[in-house]
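Take a look at the structure below.
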Number of protein chains: 2
Amino acid sequence: MQIKPPYLLFIGDATDKLSIKMAQSLADWRAELCVGELSVNGCTVSTGLNQCSICEAAKLGAKTFVLGFANSGGVLDKKWLPIISEAIENGMNIVSGLHDKLTNFDELVSLSQKHNTNLLDIRHPSTAFATGKGYKRKGKRLLTVGTDCSVGKMYTSLSLEKAMKEQNIDVDFRATGQCGILISGSGVAIDCVIADFISGAAESLSPDAEETHWDIIEGQGSLSHPAFAGVSLGLLHGSQPDALVICHALNRTHMRGLLHTSFPSIETTIELNIAAAKLTNPDVQVVGISVNTSSVSIEQGNEICERLSQTFGVPCVDPLRDGVDSIVANLC
Amino acid sequence: MQIKPPYLLFIGDATDKLSIKMAQSLADWRAELCVGELSVNGCTVSTGLNQCSICEAAKLGAKTFVLGFANSGGVLDKKWLPIISEAIENGMNIVSGLHDKLTNFDELVSLSQKHNTNLLDIRHPSTAFATGKGYKRKGKRLLTVGTDCSVGKMYTSLSLEKAMKEQNIDVDFRATGQCGILISGSGVAIDCVIADFISGAAESLSPDAEETHWDIIEGQGSLSHPAFAGVSLGLLHGSQPDALVICHALNRTHMRGLLHTSFPSIETTIELNIAAAKLTNPDVQVVGISVNTSSVSIEQGNEICERLSQTFGVPCVDPLRDGVDSIVANLC
């Protein structure tokens, strides 16, 4: 699957910053590949990139129109079909990370055939996987796990990869979600795999490697999330991580999307993940904590990270404010 | 999906009793709907039903040819296509519980069209599910959970349903695997659902009901199985069980299919399941233990069950030797 830059990021009428994380993550990690963003009336959020119409984007050479929003069910609202069609008519490929497949919409299929463009459903694995085997593989693996969905597991993973590359460590980022796949160009959308093959797919994602090689595996969901814990557990078992980084966002009161639920503590999150991870790697350890402190001041954020570091005896950072060097130093 | 009896049970060249559980469970629970079994050279196991050729079965009025074997990957070996074709030519529908779809084999599709028969891939959910919500639903739910795959979760569930019906309790068996679906005529093959929707599918399987109604939900896999724990966890969260029955088979030394793994204790199994189940039902309780004692004498089996019952403070039975009345008595 080839995803051709540059990209135009479409964020629709989003009003929730978390819902445009696909667009935001591209803007944050691959801004040089984006010509701008497109939103419509009612949208109250932005990636920070310039507004850009489809026509302008085409003039700037945009090759791919990215559906940059997501929702829990992954449904493609039919109201977007005219806009997607306009992008196709301007010669762009369409990339979607939604559960709903672009290729299930006949009008998009025929239009893209007419204009010789591609419909890329990056969330839908095109590979057949084996069931998990649980055999120990060579090489080192780090998995980011979280107190909840959307707490910074991908950002933490990408930050770790970047910092480790800067230190000439042999490392690969392994994407497990549509944003990560878009950023890195490969991976498996683990939540779209058939349930029987979750851990098998995770095993294939970080294959046997040199003893000194690190795979930094992007975590998904949370063992405490009533909807997605099964995905998190299969990914954890299949990844057989040597190292876990616990990801957390401040000031959440309930699990993402579920107002009636309570939020797990970092302590509970560590206990649950270590207990489960030992099934396929008895030597697993927590090597760091990563906190999204954007909802508090820098001083408050520093204070909180320092307290957590003391409580749990591992480095604690906000990757975007502090970098992740202290976690990398704790790895080897 | 309508599955028409009577059935001819095809067990191929199976040499492992566990691998023909689809055929065996039909023979055990719906023998009156089966005309016999068909095996080929090399087969060393049997359901106990009479051998019956396709031709004989057709004369006996068989309407459906059941692929009665399974394997971990769920692959359909092409060597069976001639036999399946013969069944179609004799006017039978084909039922498969394998991951590989019958409908992906063009020769079977065209042959079944020609003979006006159906190809039924009962493992493949035909419904679209929502993601899990975790809201408390009305009615009572019991889930069977296990130390491993294939330790008797379905048999225990069906035994409970039967015993409860005999006591005029308002109860439904909820099938989550291909065997259960074949026996009961409905259900969701939970391990074939897209990973994101495991718990959502489980929620839909035992909807809101009368306060006195019981759903007996067939468990899948094991929280200690490196390949399938994700499925087990999603099913557990979505089922929000009030009651758990722990299922166990004696004299296993490793997890099914994985020689290098160790087997969890009943104590560990209880701890893992109770801890996880509390996320969606804080009042969950273990109400019984069900042990497959077929590998030891009746006396030894009784002794083991009694010891387990004392250790864990709940009734412990072999459903096929002892019935499950003591567990039902512990329910209300």
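Residue numbers begin at 1 in each chain, while the letters A, B, ... track the order of the sequences.
Counting only N and O atoms by type, the side chains of B/T144 and B/S157 include a donor and acceptor under 3.5 Å apart. Under 3.5 Å, the side chains of B/Q220 and B/T176 contain a donor-acceptor pair of N or O atoms. B/S19 and B/K17 are not linked by any side-chain donor-acceptor pair at a separation below 3.5 angstrom, with hydrogens and angles left out of the test. For B/R123 and B/S96, the side-chain atoms include no donor-acceptor pair closer than 3.5 Å. Looking at A/T147 and A/H248, their side chains do bring a donor and an acceptor atom within 3.5 Å of each other.
The heavy-atom pair separating A/S222 from A/C149 by the smallest distance is CB-N, 4.5 Å.
Interface remark: A/H99 contributes side-chain atoms only to the contact with chain B (heavy atom separation under 4.5 Å). Contacts of B/L236 with chain A are absent, with no heavy-atom separation under 4.5 Å from either backbone or side chain. Using a 4.5 Å cut-off between heavy atoms, B/A130 makes no contact with chain A at all. With a threshold of 4.5 angstrom between heavy atoms, A/F129 does not approach chain B through any atom at all. In this structure, no portion of A/L235 lies under 4.5 Å from any heavy atom of chain B.
If you tally non-hydrogen atom pairs under 4.5 Å between each of A/G257, A/S199, A/A202 and chain B, the highest count goes to A/S199. Contact count versus chain A (heavy atoms, under 4.5 Å) is highest, among B/L223, B/D196, B/L233, for B/D196. Between chain B and the options A/L272, A/T261, A/V231, the largest number of non-hydrogen pairs under 4.5 Å is found for A/V231. With chain B as partner, the option from A/G74, A/G134, A/G234, A/A201 having the largest number of non-hydrogen pairs under 4.5 angstrom is A/G134. Comparing A/A227, A/G221, A/G200 by heavy-atom pairs within less than 4.5 Å of chain B, the highest count is held by A/A227. The residue among B/T131, B/D191, B/I194, B/T280 with the most heavy atom pairs within less than 4.5 Å of chain A is B/D191.
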#### Entry: Audit row: B/R256, B/D16, salt bridge (Lys or Arg N to Asp or Glu O under 4.0 Å) steps and yes/no
CA-CA 12 Å; B/R256 173 138 170 82; B/D16 173 5; 3.6 Å; yes

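In summary, the aromatic rings of A/H254 and A/F263 are positioned with their centroids too far apart to meet the 6.0 Å limit.
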